[in-house]
Amino acid sequence: MNELITSINDAVWGYVLIFALVGCGIWFTIKTRFVQFRMVGEMLRLLTDSAVDTVGEQVKEQQAGGKSKHISSFQAFAVSVATRVGTGNLAGVASAIAIGGPGAVFWMWVIALIGSATAFVESTLAQLFKQKHKDSFIGGPAYYIQRGLHQRWMAITFAVLITCQFGLSNNSIQANTICGAMQEAFGWSPVWVGGLLAALGLFIVFGGIQRIAQVSAVLVPVMAIGYVVLAIFIIVMNIGLIPHVFKLIVLDAFGIQQIAGGGIGATIMNGVKRGLFSNEAGEGSAPNVAATAAVSHPVKQGLIQALGVFTDTLLVCSCTAFIILISGLYSVPELNGIALTQSALQSEVGSAGPVFVAVAIFLFAFSSIIGNYYYGEANIRFITSNTKVMTVYRICSAGVMVVFGALASFELVWNIVDFFMAFLTACNLIAIVLLGRYAFRLLDDYRSQKRQGIKEPTFHRHQLPELEDELECWD
């Protein structure tokens, strides 16, 4: 079975999805006039925005006297980064380098640079078509497929795929990596670690998106800053090797100098696959949480999510790549995944390296588990409102699949994720290509208001008259 899944993955990734991802990224980059580069300053400014209602005023306390449960742009950013910044940054990058060579890092950068435009489009659309849900918002690709394309079957297909990908199989990878790191550093049994993870995860996911956002807003900055600081320290201590590392990446990226891995095809494929797994641009995952933010204009959250791609791949993934390439251990056949990252750190900072990675991967991957769970929840709610179904899903996502991942092999869990990721991404790309024109118009409107001196642009549904009946949250 594992061999069959591998064959399917290679066929889909090798001949279809890579070209679709790159092609869409280039198209969106051109149509948005390089939004991911021209509006970086605005992206950073928006991180400080408070939760606002859909006409740009501060969210007031509910009439019942309790505080609003809307989440801010930064909280939505933190949840999406929580799912991005995880095993893909430590184990995924190591796996890409071990299989595809140092050149895979270059293709991870490429997919992030152009993919951030794709992330902008999909998250802007998620905000545009979001719906009211009790005391918060809900949305994502399933919602914009149904309301924008009026294709219920396609929307349900996406909802099922993303639930299988993030809510189930992706959580098995997070658990697998945590258990591998803990066993490598402390000799702890995967059975006990998996059980503990499941218990903690179930406690948090039964608290809903507000508890997930609160936890992520604390964990993400701490884990990201700590890891980046360590990486910068290692890079500074080995500053003389940095030109060599860049040369190694670029030469290997184009097959000029192959080290450790299989030709130009394997280099590109593994760079793109692991880049997508890490930053999720175009996969249709981040829009689910982007839709929950209370902002005055859909473009705001599109810009925030584009920044998330940069944060993930260009910053955190590059840190891991540089640590591994500086160590020179990427060519050791026995090392792959999290073990390679731990060994590389150990070679640079001594015995504390594996311990640090074990702690870091726990924070990275555990935050991903709770963020991944929410993606599945949002899409199950799209299919059915049956509370029993939701309860079963919560148990499977944060419990059963976490334990499965703790006990399954490294190769099996990654193959399962690659399988669902391919079809999930294809479904979302079709949708955002067809609906992208609305994101372009919204961006033009946002820029026009900024040029007029309006500090906080607003959007009202009458500005898109052909969609007015489909836009629930923009009165």
Side-chain angles (χ1 to χ4, degrees), residues 5 9 13 17 79-93 95-96 140-142 158-181 194 197-198 200-202 204-205 212 216 219-220 273-289 308 312-313 316-317 337-338 361-380 393-428:
I5 297 176
N9 288 342
W13 280 103
L17 203 53
V79 174
S80 63
V81 172
T83 62
R84 288 185 176 113
V85 179
T87 57
N89 301 86
L90 280 79
V93 173
S95 177
F158 178 90
V160 170
L161 285 171
I162 195 170
T163 301
C164 291
Q165 161 71 348
F166 279 87
L168 301 176
S169 63
N170 210 331
N171 275 357
S172 70
I173 276 193
Q174 311 300 329
N176 182 274
T177 306
I178 290 176
C179 291
L197 287 174
L200 290 173
L202 287 169
I204 293 176
V205 301
I212 293 171
S216 298
L219 285 183
V220 171
K273 276 200 299 186
R274 296 298 161 248
L276 176 62
F277 178 84
S278 179
N279 63 53
E280 302 174 16
E283 196 172 358
S285 52
N288 292 275
V289 71
D312 173 87
T313 305
V316 186
C317 283
I338 197 64
I361 200 63
F362 178 84
L363 294 176
F364 277 88
F366 184 70
S367 65
S368 292
I369 287 174
I370 58 178
N372 289 338
Y373 155 79
Y374 177 71
Y375 290 162
E377 177 187 299
N379 284 275
I380 287 180
Y393 164 70
R394 285 171 175 165
I395 293 171
C396 290
S397 175
V400 175
M401 291 307 295
V402 167
V403 174
F404 167 77
L407 303 178
S409 69
F410 175 86
E411 292 77 12
L412 177 60
V413 292
W414 278 97
N415 272 332
I416 292 174
V417 163
D418 283 344
F419 177 83
F420 284 112
M421 184 166 61
F423 292 100
L424 173 68
T425 305
C427 184
N428 184 56

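What you see is a predicted model, and the numbers here were worked out from it, not measured in a lab.
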If the condition is side chain to side chain contact (heavy atoms under 4.5 Å, CB included), which residues does A406 pass it with, not counting sequence neighbours?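 C179.
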
How would you list, by chain and number, every residue that makes a side chain to side chain contact (heavy atoms under 4.5 Å, CB included) with N176, sequence neighbours excluded?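 Per chain and number, N176 pairs via side chain to side chain contact (heavy atoms under 4.5 Å, CB included) with F410, V413.
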
Closest approach of [X] to [Y] (non-hydrogen atoms, all atoms of both residues):
{"X": "C427", "Y": "F158", "answer": "SG-CB, 3.8 Å"}
{"X": "T425", "Y": "M421", "answer": "OG1-O, 2.7 Å"}
{"X": "E377", "Y": "Y393", "answer": "N-CE2, 3.5 Å"}
{"X": "V403", "Y": "G194", "answer": "CG2-O, 4.2 Å"}
{"X": "G284", "Y": "P141", "answer": "O-CG, 3.2 Å"}

Working to the nearest 0.5 Å, report the span between [atom1] of [X] and [atom2] of [Y].
{"X": "N171", "Y": "L197", "atom1": "CG", "atom2": "CG", "value": "10.0 Å"}
{"X": "Y373", "Y": "N170", "atom1": "OH", "atom2": "CG", "value": "15.5 Å"}
{"X": "M401", "Y": "C396", "atom1": "CE", "atom2": "SG", "value": "8.5 Å"}

For N379 and T163, test the side chains for any donor-to-acceptor distance below 3.5 angstrom and give the result as yes or no.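 Note: N379 and T163 side chains miss the donor-acceptor criterion.
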
Might you work through the side chain to side chain contact (heavy atoms under 4.5 Å, CB included) test for F166 and L424, ending with a clear yes or no? CA-CA 10 Å; F166 279 87; L424 173 68; 3.9 Å; yes

Using a 4.5 Å cut-off on heavy atoms from C-beta on, say whether the side chain of L412 contacts that of F404.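 F404 reaches L412 side chain to side chain.
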
Measuring only between side-chain heavy atoms, which start at C-beta, is F420 closer than 4.5 Å to L168?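 Heavy-atom side-chain distance check fails, nothing below 4.5 Å.
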
